Amino acid sequence: MAAKAGADVLAELGLTDSAQPVQPGTVPLAGAHLANGTYVIVFSEFFHPMIDPLLMKVLSLNCIVVGCAEDESTNASMAFLCRDGARVWTVSHVLSEGGDHLGIEGVAPRALAPLLQAALQSRAEHGHDAVFGVPAALAEEVCGFRHGGRQNGPAPVFTRLDRKFADIDATLGELVRAASAVLQAAGYVQEDASRPGLFTKTTEHERIQVYLRHSTTPEIGVMYFDVRAEVCNRYVDGLMHQAVPQLHATQTAVLRWSGALDGDSALTTPAEVAACRSQLQSAFSPWLARLHDLVALEALVNGHPPSGSAMGEATQCHFDGDTGYSRLILAYLASNPRFEDMVVQTERALSRGKPDPKSDLNKVCNHLRAHAKPVSRATVR
């Protein structure tokens, strides 16, 4: 049960409402709106994967989520409450650990003590596993609902809930195949059979490795799809090495396909999957072509807002361990009007207020000004 609008619960768990009335427990997933404004989902199996603690923490952001699970075949039961993304308490019983067993994590409600006392007394008098029902009784005490219990007022109407994607892995596979086809048409090859998601293209000017990154979270109907491109341009790397021989960046640029689209790699609805498929067909090939053009590559690398510093402040430091000073070199070659400002910001961040005219940064920039030409006038890419 979640103290949240039903539409929000379904969206966050990757479910859709079929609107077909059902008896809870007769289908894998059934949901209903309760009179108190909360939404309840009944699963047909014990500890369904959807009530994974991490998922429940996400669902409980800005609300309260109460969960309960019982397995009569093993006499195991549990209940929990999450609030604002944190697990507040969990109460569990496993008969194999003793008839009086009741595990308690966190700070349980005061209502637990009398419920447990009554169950222990009933067990002593009648000999049955009365503690088994304590977690469910506690959940009912907190949220006012218990599957199969008595209802105050009209009984809630349950409807069958379906996953948004009938076969989430097959759907994701279609996206991967579409991206692979575009890469192969652009001249990328798979050099390592053990890494089917890695494609490489090598020319006289650069070596580009493209990784298809994808995964699924079937429990909530979410798939993740993105493309990571690592560009190593020989001309850019050569300029940096000429300025400071010991400098050698691993990459010239590291880019994400979703970043170029200002989108998210998480796909949660069929509409988002269809949009991703359409973008792969229309925009992916042009994006790959931009990786070979220094001016276009510079726009991809330096066209985003300033990143954040370790102190949370905006910074335009254009240096990192993987690409070195490549972003600054690209900015100079592409005649980016912000180049000098970028140098100042980078020096300020790296020197911590103590500029050094002989620093690697200044050596690289001085070398560019003295020996490199913007690509619009250069014959070398």
Side-chain angles (χ1 to χ4, degrees), residues 11-14 49 52 54-55 58 163-203 206-233 249-292 296-297 299-305 307-308 320-324 326-327:
E12 293 178 20
L13 294 180
D52 176 271
L54 291 178
L55 299 181
V58 174
R163 297 184 184 276
K164 287 180 295 186
F165 303 103
D167 189 334
I168 192 169
D169 292 321
T171 302
L172 181 59
E174 293 177 2
L175 296 179
V176 173
R177 287 191 293 274
S180 299
V182 174
L183 286 165
Q184 290 168 352
Y188 287 80
V189 297
Q190 293 176 289
E191 297 180 336
D192 187 348
S194 66
R195 305 177 68 183
L198 171 60
F199 293 78
T200 303
K201 184 175 182 179
T202 303
T203 72
E206 67 269 303
R207 176 180 172 85
I208 303 175
Q209 290 187 307
V210 174
Y211 301 81
L212 300 183
R213 309 176 71 178
H214 52 88
S215 63
T216 62
T217 306
E219 294 81 6
I220 57 174
V222 177
M223 64 185 72
Y224 304 88
F225 176 80
D226 206 349
V227 179
R228 174 188 170 95
E230 297 181 355
V231 182
C232 183
N233 184 278
T250 306
Q251 308 294 342
T252 303
V254 179
L255 301 162
R256 289 189 307 115
W257 161 249
S258 60
L261 299 175
D262 294 325
D264 193 338
S265 60
L267 306 173
T268 61
T269 67
E272 290 176 348
V273 172
C276 180
R277 185 182 295 111
S278 176
Q279 290 167 341
L280 285 173
Q281 294 172 346
S282 62
F284 189 36
S285 182
W287 183 75
L288 291 173
R290 297 178 70 184
L291 305 181
H292 296 275
L297 180 62
L300 289 174
V301 170
N302 293 322
H304 53 75
S307 58
D320 62 54
D322 291 329
T323 63
S326 296
R327 282 176 281 178

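The model shown is predicted, which means the values in this text are computed figures rather than measured ones. One is the number of the first residue; the rest follow in order along the sequence.
- In summary, Glu230 and Lys201 do not engage in a salt bridge, as defined by a charged side-chain N under 4.0 Å from a carboxylate O.
- Every residue two or more places apart in sequence or in another chain that forms a side-chain hydrogen bond (donor to acceptor under 3.5 Å, both in side chains) with Ser194 is listed here: Asp192.
- From Leu175, atom CG reaches atom SG of Cys276 across 5.0 Å, with rounding to the nearest 0.5 Å.
- The salt bridge (Lys or Arg N to Asp or Glu O under 4.0 Å) test applied to Asp320 returns Arg327, not counting sequence neighbours.
- Rounding to the nearest 0.5 angstrom, the gap separating the CD atom in Gln209 from the SG atom in Cys232 is 9.5 Å.
- Contact annotation: the side chain of Gln190 approaches that of Pro196 to within less than 4.5 Å [non-hydrogen atoms, C-beta and beyond].
- To the nearest 0.5 Å, the span separating OG1 on Thr252 from CG on Leu297 amounts to 7.5 Å.
- In summary, of the residues considered (Phe199, Tyr211, Trp257), a side chain to side chain contact (heavy atoms under 4.5 Å, CB included) with Val227 occurs for Trp257 alone.
- Of the possible polar contacts, none joining the Ser278 side chain to the Ala274 backbone as a donor-acceptor pair under 3.5 Å is found.
- Only one option out of Ile168, Thr171, Leu267 pairs with Thr216 in a side chain to side chain contact (heavy atoms under 4.5 Å, CB included); it is Ile168.
- No hydrogens or angles considered: a donor-acceptor pair under 3.5 Å links the side chains of Asp226 and Ser258.
- By the salt bridge (Lys or Arg N to Asp or Glu O under 4.0 Å) test, Glu272 is found to be paired with no residue, residues two or more places apart in sequence or in another chain being considered.
- Arg277 pairs by the salt bridge (Lys or Arg N to Asp or Glu O under 4.0 Å) definition with Glu174, not counting sequence neighbours.
- Legend: residues meeting salt bridge (Lys or Arg N to Asp or Glu O under 4.0 Å) with Arg213, ordered by chain and number and at least two apart, are absent.
- Side-chain contact check for Leu255 versus Val301: some heavy-atom pair is nearer than 4.5 Å.
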Tyr188 and Thr200: CA distance, side-chain angles, deciding distance, side-chain contact (heavy atoms from CB on, under 4.5 Å) verdict: CA-CA 5 Å; Tyr188 287 80; Thr200 303; 5.6 Å; no

Please list every donor-acceptor pair under 3.5 Å in which a side-chain atom of residues 177-185 meets a protein atom from a residue at least two apart or in another chain.
residue: Ser180; atom: OG; partner: Val176; partner atom: O; Å: 2.8

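- Note that CG of Leu212 is 10.0 Å distant from CG of Leu172, once rounded to the nearest 0.5 Å.
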